[in-house]
Novice: 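Structure incoming, see below.
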Amino acid sequence: MPEATKPSQIQGLSLEAIAQEFGTPLYVYDGNKITSQIQALQTAFAGVNLKIKYATKALSNISVLKLVKSAGAGVDAVSIEEVRLGLLAGFQPNEIMYTPNCVSFEEVQEAVNLGVMINLDNLPILAQFGQEYGNQIPVCIRINPHIMAGGNAKISVGHIHSKFGISIHQLDDILKVVSDYGMLITGLHVHTGSDILDAEVFLKGGNVLFEAAMKFPDLKFLDFGGGFKVGYKPGDVTTDVFQVGSKVTEAFQEFCKSYGRNLELWLEPGKFLVSESGYLIVKTNVVKQTPQLTFVGVDSGLNHLIRPMLYDAYHEVYNLSNIEGNPKSYNVVGYICETDTLAADRMLSEVNSGDLIVFKNAGAYGFSMASNYNSRLRPAEVLVFKNQAKLIRKREDFDDLVRNQVVLDI
Ligand code: LLP
(Lines give C-alpha, C1' and ligand atoms only; values in the text may rest on other atoms or scores of the structure.)
Protein backbone atom coordinates (compact mmCIF):
# COMPACT_ATOMS: atom_id res chain seq x y z
CA MET A 1 0.00 0.00 0.00
CA PRO A 2 1.67 3.28 -1.06
CA GLU A 3 2.13 6.13 1.38
CA ALA A 4 1.44 9.74 0.56
CA THR A 5 4.96 10.90 -0.12
CA LYS A 6 6.18 13.95 -1.96
CA PRO A 7 9.70 13.11 -2.99
CA SER A 8 11.92 16.12 -3.55
CA GLN A 9 14.92 13.94 -4.40
CA ILE A 10 15.80 10.82 -6.33
CA GLN A 11 18.94 9.00 -5.32
CA GLY A 12 19.97 12.09 -3.39
CA LEU A 13 19.52 14.39 -6.40
CA SER A 14 17.10 17.29 -6.14
CA LEU A 15 14.16 17.02 -8.54
CA GLU A 16 14.05 20.80 -8.66
CA ALA A 17 17.68 20.93 -9.81
CA ILE A 18 16.97 18.23 -12.40
CA ALA A 19 14.02 20.24 -13.73
CA GLN A 20 16.18 23.34 -13.83
CA GLU A 21 18.93 21.55 -15.74
CA PHE A 22 16.72 19.82 -18.33
CA GLY A 23 13.65 22.08 -18.41
CA THR A 24 9.96 21.23 -18.21
CA PRO A 25 7.82 19.35 -19.00
CA LEU A 26 10.14 16.49 -18.09
CA TYR A 27 9.84 12.77 -17.46
CA VAL A 28 12.28 11.58 -14.79
CA TYR A 29 12.79 7.88 -13.97
CA ASP A 30 14.46 6.40 -10.92
CA GLY A 31 16.56 3.52 -12.26
CA ASN A 32 16.89 1.98 -8.80
CA LYS A 33 13.14 1.59 -8.52
CA ILE A 34 13.04 -0.30 -11.82
CA THR A 35 15.77 -2.73 -10.79
CA SER A 36 14.32 -3.25 -7.31
CA GLN A 37 10.93 -4.11 -8.82
CA ILE A 38 12.61 -6.70 -11.06
CA GLN A 39 14.38 -8.12 -8.03
CA ALA A 40 11.10 -8.30 -6.10
CA LEU A 41 9.57 -10.45 -8.85
CA GLN A 42 12.67 -12.62 -9.02
CA THR A 43 12.43 -13.20 -5.27
CA ALA A 44 8.67 -13.78 -5.31
CA PHE A 45 9.03 -16.46 -7.99
CA ALA A 46 12.34 -17.91 -6.81
CA GLY A 47 10.83 -21.41 -6.68
CA VAL A 48 10.34 -21.65 -10.45
CA ASN A 49 12.48 -21.15 -13.52
CA LEU A 50 11.27 -17.56 -14.06
CA LYS A 51 11.83 -15.44 -17.15
CA ILE A 52 10.65 -11.85 -16.94
CA LYS A 53 9.74 -10.32 -20.29
CA TYR A 54 9.36 -6.59 -19.69
CA ALA A 55 6.31 -5.17 -21.50
CA THR A 56 8.19 -2.59 -23.55
CA LYS A 57 5.04 -0.68 -24.47
CA ALA A 58 4.92 0.75 -20.94
CA LEU A 59 8.14 2.73 -21.41
CA SER A 60 10.19 1.99 -24.47
CA ASN A 61 13.22 4.22 -24.07
CA ILE A 62 16.32 2.28 -25.17
CA SER A 63 18.32 3.24 -22.08
CA VAL A 64 15.52 1.91 -19.89
CA LEU A 65 15.56 -1.31 -21.91
CA LYS A 66 19.30 -1.59 -21.32
CA LEU A 67 18.75 -1.12 -17.59
CA VAL A 68 16.06 -3.81 -17.62
CA LYS A 69 18.46 -6.10 -19.44
CA SER A 70 21.23 -5.47 -16.92
CA ALA A 71 18.82 -6.56 -14.17
CA GLY A 72 18.28 -9.90 -15.90
CA ALA A 73 14.93 -9.44 -17.64
CA GLY A 74 14.00 -9.93 -21.31
CA VAL A 75 11.52 -8.13 -23.52
CA ASP A 76 7.85 -8.48 -24.47
CA ALA A 77 7.27 -6.63 -27.75
CA VAL A 78 3.93 -5.95 -29.43
CA SER A 79 5.19 -4.52 -32.68
CA ILE A 80 8.08 -5.12 -35.02
CA GLU A 81 9.35 -1.70 -33.98
CA GLU A 82 9.47 -2.76 -30.33
CA VAL A 83 11.32 -5.91 -31.41
CA ARG A 84 13.87 -3.69 -33.13
CA LEU A 85 14.18 -1.45 -30.08
CA GLY A 86 14.89 -4.56 -28.00
CA LEU A 87 17.59 -5.70 -30.41
CA LEU A 88 19.06 -2.20 -30.45
CA ALA A 89 19.20 -2.28 -26.65
CA GLY A 90 21.32 -5.44 -26.89
CA PHE A 91 18.82 -8.20 -26.15
CA GLN A 92 19.47 -11.48 -27.92
CA PRO A 93 16.62 -12.49 -30.23
CA ASN A 94 15.79 -15.42 -27.95
CA GLU A 95 15.24 -13.00 -25.05
CA ILE A 96 12.47 -11.25 -26.98
CA MET A 97 8.85 -12.36 -27.05
CA TYR A 98 6.81 -10.86 -29.90
CA THR A 99 3.07 -10.77 -29.11
CA PRO A 100 1.34 -8.88 -31.90
CA ASN A 101 -2.38 -8.48 -32.40
CA CYS A 102 -4.04 -8.20 -35.81
CA VAL A 103 -0.78 -7.60 -37.67
CA SER A 104 -0.07 -8.75 -41.20
CA PHE A 105 1.60 -12.07 -41.90
CA GLU A 106 4.46 -10.09 -43.48
CA GLU A 107 5.20 -8.50 -40.12
CA VAL A 108 5.17 -11.92 -38.46
CA GLN A 109 7.65 -13.14 -41.08
CA GLU A 110 9.86 -10.16 -40.40
CA ALA A 111 9.94 -11.14 -36.74
CA VAL A 112 10.74 -14.75 -37.68
CA ASN A 113 13.66 -13.46 -39.73
CA LEU A 114 14.89 -11.49 -36.73
CA GLY A 115 14.90 -14.74 -34.74
CA VAL A 116 12.57 -13.76 -31.88
CA MET A 117 9.93 -15.91 -30.18
CA ILE A 118 6.58 -15.50 -31.91
CA ASN A 119 3.28 -15.53 -30.03
CA LEU A 120 0.23 -15.90 -32.31
CA ASP A 121 -3.27 -14.94 -31.32
CA ASN A 122 -5.55 -15.90 -34.18
CA LEU A 123 -6.33 -19.05 -36.14
CA PRO A 124 -5.88 -17.77 -39.73
CA ILE A 125 -2.31 -16.56 -39.08
CA LEU A 126 -1.56 -19.69 -37.06
CA ALA A 127 -2.55 -21.75 -40.09
CA GLN A 128 -0.54 -19.55 -42.44
CA PHE A 129 2.44 -19.89 -40.11
CA GLY A 130 2.04 -23.66 -40.09
CA GLN A 131 1.83 -23.77 -43.87
CA GLU A 132 4.94 -21.65 -44.26
CA TYR A 133 7.18 -23.02 -41.53
CA GLY A 134 5.80 -26.43 -40.49
CA ASN A 135 7.87 -27.54 -37.51
CA GLN A 136 10.89 -25.40 -38.46
CA ILE A 137 10.10 -22.40 -36.26
CA PRO A 138 8.87 -22.92 -32.69
CA VAL A 139 5.87 -20.82 -31.83
CA CYS A 140 3.75 -19.81 -28.84
CA ILE A 141 -0.04 -19.54 -28.83
CA ARG A 142 -1.98 -16.84 -27.01
CA ILE A 143 -5.08 -18.29 -25.43
CA ASN A 144 -8.04 -16.16 -24.44
CA PRO A 145 -9.08 -17.80 -21.17
CA HIS A 146 -12.34 -15.82 -20.86
CA ILE A 147 -11.64 -14.37 -17.49
CA MET A 148 -12.92 -10.92 -16.56
CA ALA A 149 -9.96 -9.22 -14.96
CA GLY A 150 -8.24 -5.88 -14.70
CA GLY A 151 -8.95 -2.44 -13.31
CA ASN A 152 -11.59 -1.31 -15.77
CA ALA A 153 -13.30 -2.40 -18.97
CA LYS A 154 -10.82 -0.54 -21.18
CA ILE A 155 -7.85 -2.51 -19.91
CA SER A 156 -9.47 -5.90 -19.46
CA VAL A 157 -8.56 -8.12 -22.39
CA GLY A 158 -9.19 -11.77 -21.49
CA HIS A 159 -12.98 -11.73 -21.52
CA ILE A 160 -15.35 -13.30 -24.04
CA HIS A 161 -15.83 -10.09 -26.07
CA SER A 162 -12.13 -9.30 -26.28
CA LYS A 163 -10.26 -9.29 -29.62
CA PHE A 164 -7.19 -10.84 -28.00
CA GLY A 165 -6.01 -14.42 -28.08
CA ILE A 166 -7.60 -17.56 -29.47
CA SER A 167 -10.61 -18.57 -27.44
CA ILE A 168 -10.05 -21.52 -25.16
CA HIS A 169 -13.35 -22.78 -26.62
CA GLN A 170 -11.50 -23.12 -29.94
CA LEU A 171 -8.85 -25.42 -28.52
CA ASP A 172 -9.89 -28.25 -30.86
CA ASP A 173 -9.46 -25.94 -33.85
CA ILE A 174 -6.02 -24.97 -32.62
CA LEU A 175 -5.05 -28.61 -32.21
CA LYS A 176 -6.26 -29.40 -35.71
CA VAL A 177 -4.14 -26.65 -37.27
CA VAL A 178 -1.13 -27.71 -35.21
CA SER A 179 -1.49 -31.33 -36.26
CA ASP A 180 -2.32 -30.54 -39.90
CA TYR A 181 1.00 -28.72 -40.30
CA GLY A 182 3.02 -30.64 -37.70
CA MET A 183 3.76 -27.39 -35.85
CA LEU A 184 6.18 -27.07 -32.96
CA ILE A 185 4.35 -25.34 -30.11
CA THR A 186 6.80 -24.46 -27.36
CA GLY A 187 4.76 -21.97 -25.36
CA LEU A 188 1.24 -21.08 -24.29
CA HIS A 189 0.32 -17.57 -23.18
CA VAL A 190 -2.47 -15.73 -21.37
CA HIS A 191 -2.78 -12.06 -20.47
CA THR A 192 -6.07 -10.99 -18.95
CA GLY A 193 -5.64 -7.27 -18.29
CA SER A 194 -3.95 -4.49 -16.39
CA ASP A 195 -4.33 -3.48 -12.74
CA ILE A 196 -5.12 -7.01 -11.55
CA LEU A 197 -5.27 -7.20 -7.78
CA ASP A 198 -5.96 -10.74 -7.11
CA ALA A 199 -3.71 -13.80 -6.96
CA GLU A 200 -6.82 -15.80 -7.85
CA VAL A 201 -6.96 -14.23 -11.32
CA PHE A 202 -3.42 -15.38 -12.07
CA LEU A 203 -4.32 -18.83 -10.75
CA LYS A 204 -7.45 -18.96 -12.89
CA GLY A 205 -5.44 -17.99 -15.98
CA GLY A 206 -2.86 -20.56 -14.93
CA ASN A 207 -5.43 -23.31 -14.61
CA VAL A 208 -6.65 -22.67 -18.14
CA LEU A 209 -3.04 -22.88 -19.33
CA PHE A 210 -2.32 -26.03 -17.28
CA GLU A 211 -5.29 -27.86 -18.72
CA ALA A 212 -4.56 -26.85 -22.32
CA ALA A 213 -0.85 -27.56 -21.88
CA MET A 214 -1.46 -31.29 -21.48
CA LYS A 215 -2.37 -31.37 -25.19
CA PHE A 216 0.96 -29.85 -26.28
CA PRO A 217 3.88 -32.24 -25.69
CA ASP A 218 6.74 -29.91 -26.77
CA LEU A 219 6.24 -27.00 -24.40
CA LYS A 220 9.20 -25.13 -22.93
CA PHE A 221 7.31 -22.36 -21.13
CA LEU A 222 3.97 -21.04 -19.97
CA ASP A 223 3.53 -17.27 -20.10
CA PHE A 224 1.17 -15.76 -17.50
CA GLY A 225 1.26 -12.23 -19.02
CA GLY A 226 1.45 -9.02 -17.01
CA GLY A 227 -1.04 -6.86 -15.20
CA PHE A 228 0.22 -6.58 -11.62
CA LYS A 229 -1.46 -3.60 -10.02
CA VAL A 230 0.64 -0.89 -8.46
CA GLY A 231 -0.61 1.79 -6.07
CA TYR A 232 -1.68 5.05 -7.62
CA LYS A 233 -2.92 6.68 -4.46
CA PRO A 234 -2.46 6.37 -0.72
CA GLY A 235 -4.53 3.49 0.58
CA ASP A 236 -4.80 1.79 -2.83
CA VAL A 237 -4.77 -1.96 -2.64
CA THR A 238 -1.99 -3.36 -4.80
CA THR A 239 -1.07 -6.81 -6.07
CA ASP A 240 0.93 -8.62 -3.44
CA VAL A 241 3.49 -10.17 -5.77
CA PHE A 242 4.86 -12.34 -2.99
CA GLN A 243 1.43 -13.84 -2.40
CA VAL A 244 0.89 -14.28 -6.14
CA GLY A 245 4.40 -15.71 -6.39
CA SER A 246 3.89 -18.28 -3.69
CA LYS A 247 0.44 -19.39 -4.89
CA VAL A 248 1.39 -19.53 -8.56
CA THR A 249 4.69 -21.27 -7.77
CA GLU A 250 2.89 -23.99 -5.84
CA ALA A 251 0.34 -24.54 -8.60
CA PHE A 252 3.04 -24.42 -11.29
CA GLN A 253 5.25 -26.97 -9.54
CA GLU A 254 2.26 -29.25 -9.21
CA PHE A 255 1.50 -28.81 -12.92
CA CYS A 256 5.10 -29.54 -13.93
CA LYS A 257 4.87 -32.85 -12.06
CA SER A 258 1.82 -33.91 -14.02
CA TYR A 259 3.31 -32.58 -17.26
CA GLY A 260 6.41 -34.66 -16.56
CA ARG A 261 8.95 -31.89 -17.11
CA ASN A 262 9.95 -28.59 -15.55
CA LEU A 263 8.91 -25.72 -17.77
CA GLU A 264 9.89 -22.08 -17.59
CA LEU A 265 7.36 -19.62 -16.19
CA TRP A 266 7.24 -16.32 -18.06
CA LEU A 267 5.77 -13.03 -16.86
CA GLU A 268 5.25 -9.82 -18.85
CA PRO A 269 5.03 -6.97 -16.35
CA GLY A 270 4.94 -3.41 -17.61
CA LYS A 271 3.44 -1.18 -14.93
CA PHE A 272 4.89 -3.17 -12.07
CA LEU A 273 8.43 -2.53 -13.29
CA VAL A 274 8.27 1.11 -14.32
CA SER A 275 5.14 2.92 -13.09
CA GLU A 276 6.43 4.04 -9.71
CA SER A 277 9.87 4.87 -11.06
CA GLY A 278 8.48 7.78 -13.08
CA TYR A 279 7.75 11.44 -12.30
CA LEU A 280 6.34 13.94 -14.75
CA ILE A 281 7.52 17.42 -13.75
CA VAL A 282 5.59 20.33 -15.21
CA LYS A 283 5.58 24.07 -14.60
CA THR A 284 2.64 26.23 -13.60
CA ASN A 285 1.87 28.77 -16.30
CA VAL A 286 -1.09 30.33 -14.58
CA VAL A 287 -3.27 30.00 -11.51
CA LYS A 288 -6.78 30.82 -12.61
CA GLN A 289 -9.63 31.48 -10.23
CA THR A 290 -13.23 31.06 -11.43
CA PRO A 291 -16.36 31.51 -9.33
CA GLN A 292 -16.37 27.74 -8.86
CA LEU A 293 -12.81 26.43 -8.92
CA THR A 294 -9.13 27.25 -8.87
CA PHE A 295 -7.25 25.91 -11.87
CA VAL A 296 -3.54 25.31 -12.03
CA GLY A 297 -2.70 25.57 -15.73
CA VAL A 298 0.55 23.78 -16.54
CA ASP A 299 2.93 23.50 -19.49
CA SER A 300 1.69 20.01 -20.36
CA GLY A 301 -1.60 18.22 -20.93
CA LEU A 302 -3.29 15.09 -22.20
CA ASN A 303 -0.73 15.11 -24.99
CA HIS A 304 1.92 14.10 -22.43
CA LEU A 305 -0.13 12.17 -19.88
CA ILE A 306 -3.32 10.79 -21.36
CA ARG A 307 -4.19 8.28 -18.64
CA PRO A 308 -6.43 10.61 -16.55
CA MET A 309 -8.62 11.52 -19.52
CA LEU A 310 -8.55 8.09 -21.16
CA TYR A 311 -9.06 5.81 -18.18
CA ASP A 312 -10.07 8.24 -15.41
CA ALA A 313 -6.72 7.25 -13.95
CA TYR A 314 -5.63 8.90 -10.72
CA HIS A 315 -2.08 10.18 -10.53
CA GLU A 316 -0.92 11.65 -7.26
CA VAL A 317 0.27 15.20 -7.69
CA TYR A 318 2.18 17.67 -5.50
CA ASN A 319 3.73 21.11 -5.57
CA LEU A 320 7.48 20.54 -5.63
CA SER A 321 8.21 24.24 -5.22
CA ASN A 322 6.22 24.53 -2.00
CA ILE A 323 6.10 21.12 -0.41
CA GLU A 324 5.03 22.12 3.08
CA GLY A 325 2.81 25.14 2.23
CA ASN A 326 -0.85 25.69 3.09
CA PRO A 327 -3.05 23.13 1.35
CA LYS A 328 -5.76 24.41 -0.98
CA SER A 329 -8.06 22.69 -3.44
CA TYR A 330 -7.09 22.86 -7.11
CA ASN A 331 -7.85 21.34 -10.49
CA VAL A 332 -4.60 20.76 -12.35
CA VAL A 333 -5.24 21.19 -16.06
CA GLY A 334 -3.18 21.22 -19.21
CA TYR A 335 -2.75 23.72 -22.04
CA ILE A 336 -4.60 21.64 -24.65
CA CYS A 337 -7.59 23.12 -26.48
CA GLU A 338 -10.00 20.64 -24.99
CA THR A 339 -10.75 19.52 -21.50
CA ASP A 340 -7.60 17.94 -20.16
CA THR A 341 -7.99 17.67 -16.43
CA LEU A 342 -4.92 15.92 -15.15
CA ALA A 343 -5.96 15.99 -11.51
CA ALA A 344 -9.36 17.16 -10.22
CA ASP A 345 -10.16 18.54 -6.80
CA ARG A 346 -6.77 17.95 -5.20
CA MET A 347 -5.28 19.48 -2.10
CA LEU A 348 -1.93 20.99 -3.07
CA SER A 349 0.32 23.29 -1.09
CA GLU A 350 -0.51 26.79 -2.29
CA VAL A 351 0.45 27.12 -5.94
CA ASN A 352 1.85 30.20 -7.62
CA SER A 353 2.73 30.68 -11.23
CA GLY A 354 6.18 29.26 -11.95
CA ASP A 355 5.80 26.46 -9.37
CA LEU A 356 6.84 22.96 -10.37
CA ILE A 357 4.09 20.35 -10.15
CA VAL A 358 4.95 16.66 -10.05
CA PHE A 359 2.80 13.73 -11.19
CA LYS A 360 3.68 10.39 -9.65
CA ASN A 361 3.39 6.95 -11.22
CA ALA A 362 4.26 8.48 -14.56
CA GLY A 363 6.73 5.78 -15.62
CA ALA A 364 4.27 3.41 -17.27
CA TYR A 365 2.18 4.49 -20.24
CA GLY A 366 3.19 8.13 -19.74
CA PHE A 367 5.74 9.07 -22.37
CA SER A 368 4.96 5.97 -24.41
CA MET A 369 1.39 7.21 -24.97
CA ALA A 370 2.39 10.83 -25.52
CA SER A 371 1.53 12.58 -28.76
CA ASN A 372 2.02 15.82 -30.67
CA TYR A 373 -1.63 16.83 -30.38
CA ASN A 374 -2.09 20.58 -30.76
CA SER A 375 1.30 20.53 -32.48
CA ARG A 376 2.94 20.47 -29.08
CA LEU A 377 6.37 18.98 -28.61
CA ARG A 378 6.99 15.86 -26.56
CA PRO A 379 9.00 16.21 -23.34
CA ALA A 380 12.56 15.17 -22.63
CA GLU A 381 13.29 12.05 -20.56
CA VAL A 382 15.90 11.70 -17.83
CA LEU A 383 17.07 8.52 -16.13
CA VAL A 384 18.60 8.76 -12.68
CA PHE A 385 21.19 6.04 -12.77
CA LYS A 386 24.06 5.46 -10.34
CA ASN A 387 23.26 8.74 -8.60
CA GLN A 388 23.47 10.78 -11.78
CA ALA A 389 20.71 12.38 -13.81
CA LYS A 390 21.23 11.47 -17.45
CA LEU A 391 19.32 12.76 -20.45
CA ILE A 392 17.93 9.71 -22.29
CA ARG A 393 15.72 11.52 -24.80
CA LYS A 394 16.07 15.06 -26.05
CA ARG A 395 13.13 17.38 -25.90
CA GLU A 396 11.50 17.61 -29.32
CA ASP A 397 11.90 20.82 -31.25
CA PHE A 398 9.95 22.43 -34.06
CA ASP A 399 12.07 20.67 -36.71
CA ASP A 400 10.95 17.29 -35.29
CA LEU A 401 7.37 18.36 -35.73
CA VAL A 402 7.67 19.23 -39.42
CA ARG A 403 10.35 16.68 -40.37
CA ASN A 404 8.08 14.25 -42.23
CA GLN A 405 5.71 16.75 -43.70
CA VAL A 406 5.87 17.14 -47.45
CA VAL A 407 5.01 20.74 -48.19
CA LEU A 408 3.31 21.15 -51.53
CA ASP A 409 3.95 24.06 -53.77
CA ILE A 410 0.47 25.55 -53.69
N1 LLP B 1 1.41 -8.43 -21.84
C2 LLP B 1 0.50 -8.10 -22.77
C3 LLP B 1 0.18 -9.07 -23.83
C4 LLP B 1 -0.15 -6.86 -22.71
O5 LLP B 1 -1.06 -6.54 -23.64
C6 LLP B 1 0.18 -5.95 -21.68
C7 LLP B 1 -0.47 -4.65 -21.61
C8 LLP B 1 1.15 -6.32 -20.73
C9 LLP B 1 1.75 -7.56 -20.84
C10 LLP B 1 1.58 -5.42 -19.61
O11 LLP B 1 0.55 -5.07 -18.75
P12 LLP B 1 0.90 -4.28 -17.40
O13 LLP B 1 1.78 -5.18 -16.54
O14 LLP B 1 1.64 -3.04 -17.78
O15 LLP B 1 -0.40 -3.96 -16.77
N16 LLP B 1 -2.16 1.71 -21.34
C17 LLP B 1 -2.89 1.15 -20.22
C18 LLP B 1 -2.68 -0.31 -20.01
C19 LLP B 1 -2.90 -1.12 -21.26
C20 LLP B 1 -1.92 -2.19 -21.33
C21 LLP B 1 -1.98 -2.97 -22.57
N22 LLP B 1 -1.30 -4.22 -22.49
C23 LLP B 1 -2.66 1.98 -18.96
O24 LLP B 1 -2.07 3.04 -19.07
O25 LLP B 1 -3.13 1.60 -17.89
Side-chain angles (χ1 to χ4, degrees), residues 27 34 37-38 40-41 51-60 64 68 73-79 82-83 86 96-103 117-122 140-145 147 149-159 162-166 187-198 201-202 205 209 221-232 236 238-239 241 244 265-278 280 302 304-315 342 359-371:
Y27 274 100
I34 298 175
Q37 292 294 91
I38 293 176
L41 276 185
K51 300 273 186 256
I52 298 173
K53 307 286 170 184
Y54 164 57
T56 306
K57 74 197 88 176
L59 168 56
S60 47
V64 170
V68 164
V75 149
D76 160 46
V78 289
S79 63
E82 283 188 356
V83 169
I96 300 177
M97 169 73 146
Y98 167 66
T99 298
N101 175 256
C102 293
V103 300
M117 186 71 213
I118 314 282
N119 186 15
L120 295 180
D121 92 331
N122 64 78
C140 174
I141 295 175
R142 177 171 184 171
I143 304 280
N144 184 333
I147 294 171
N152 71 45
K154 285 187 183 158
I155 53 179
S156 176
V157 294
H159 53 80
S162 164
K163 69 167 180 166
F164 295 98
I166 307 179
L188 292 182
H189 168 277
V190 289
H191 170 77
T192 53
S194 239
D195 290 351
I196 301 170
L197 277 177
D198 205 346
V201 169
F202 289 95
L209 283 184
F221 66 89
L222 294 183
D223 186 334
F224 283 64
F228 299 111
K229 185 178 183 321
V230 296
Y232 280 90
D236 254 5
T238 60
T239 315
V241 289
V244 174
L265 189 157
W266 291 17
L267 294 175
E268 293 170 354
K271 265 179 206 170
F272 185 76
L273 299 197
V274 297
S275 175
E276 290 159 303
S277 78
L280 172 61
L302 63 76
H304 298 155
L305 185 65
I306 200 171
R307 302 192 72 257
M309 292 309 292
L310 192 58
Y311 310 119
D312 290 327
Y314 183 104
H315 286 259
L342 299 172
F359 290 89
K360 289 171 69 175
N361 280 83
Y365 308 105
F367 189 94
S368 70
M369 293 179 84
S371 75

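Not measured: the values here are computed from a predicted model. Along the sequence shown, the residues carry numbers beginning at 1. As the structure lists them, so they are numbered: ligands from 1, and atoms in each ligand from 1.
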Novice: Going by the angle between their ring planes, with limits at 30° and 60°, are H315 and Y232 parallel, tilted or perpendicular?
Specialist: perpendicular
Novice: Rounded at 0.5 Å granularity, tell me how far OG1 in T238 sits from CD in E276.
Specialist: 8.0 Å
Novice: Would Y311 count as a contact of ligand 1 if the rule is a heavy atom under 4.0 Å away?
Specialist: yes
Novice: Pick, from E268, R142, K271, the option with the minimum heavy-atom distance to atom 9 (C) of ligand 1.
Specialist: E268
Novice: Has ligand 1 got any nitrogen or oxygen that is less than 3.5 angstrom from a nitrogen or oxygen of H189?
Specialist: no
Novice: Got a donor-acceptor contact below 3.5 angstrom from the T56 side chain to the D76 backbone?
Specialist: yes
Novice: Just verifying a value: how many Å separate I38 CD1 and F272 CZ, rounded to the nearest 0.5 Å?
Specialist: 10.0 Å
Novice: side-chain contact (heavy atoms from CB on, under 4.5 Å) with A58: which residues, sequence neighbours excluded?
Specialist: Y54, V274, A364, Y365
Novice: Should you measure from each heavy atom of P269, which atoms of ligand 1 turn up under 4.0 Å away?
Specialist: 13 (O)
Novice: Taking atom CG of L342 and atom CD1 of I306, what is their separation to the nearest 0.5 Å?
Specialist: 10.5 Å
Novice: With heavy atoms of G227 as the reference, note each atom of ligand 1 found under 4.0 Å away.
Specialist: 11 (O), 12 (P), 13 (O), 15 (O)
Novice: Against heavy atoms of R307, which atoms of ligand 1 measure under 4.0 Å?
Specialist: 23 (C), 24 (O), 25 (O)
Novice: So which of K229, K53, M369, H191 gets nearest to atom 8 (C) of ligand 1, if we judge by its closest heavy atom?
Specialist: H191
Novice: Can you tell me if A58 contacts ligand 1 (heavy atom of the residue under 4.0 Å from the ligand)?
Specialist: no
Novice: Under a 4.0 Å heavy-atom limit, does A55 contact ligand 1 with its side chain, its backbone, both, or neither?
Specialist: side chain
Novice: I need the W266 CH2 to N119 CG distance, nearest 0.5 Å.
Specialist: 9.0 Å
Novice: Only heavy atoms count here, so choose which of A313, A364, S194 is nearest to atom 12 (P) of ligand 1.
Specialist: S194
Novice: Between V78 and ligand 1, which residue portion shows a heavy-atom distance shorter than 4.0 Å: side chain, backbone, both, or neither?
Specialist: neither
Novice: Look only at interatomic distance and state if G193 has a nitrogen or oxygen under 3.5 Å from any nitrogen or oxygen of ligand 1.
Specialist: no
Novice: Report yes or no: does G225 have a heavy atom closer than 4.0 Å to ligand 1?
Specialist: no
Novice: List every atom of ligand 1 that sits less than 4.0 Å from any heavy atom of D76, numbering the atoms from 1 in the order shown and giving each element.
Specialist: 1 (N), 9 (C)
Novice: Once the angle between the rings of F202 and F228 is folded into 0 to 90°, is it parallel (under 30°), tilted (30 to 60°) or perpendicular (over 60°)?
Specialist: parallel
Novice: Drop me the distance from K271's NZ to I196's CD1, to the nearest 0.5 angstrom.
Specialist: 9.5 Å
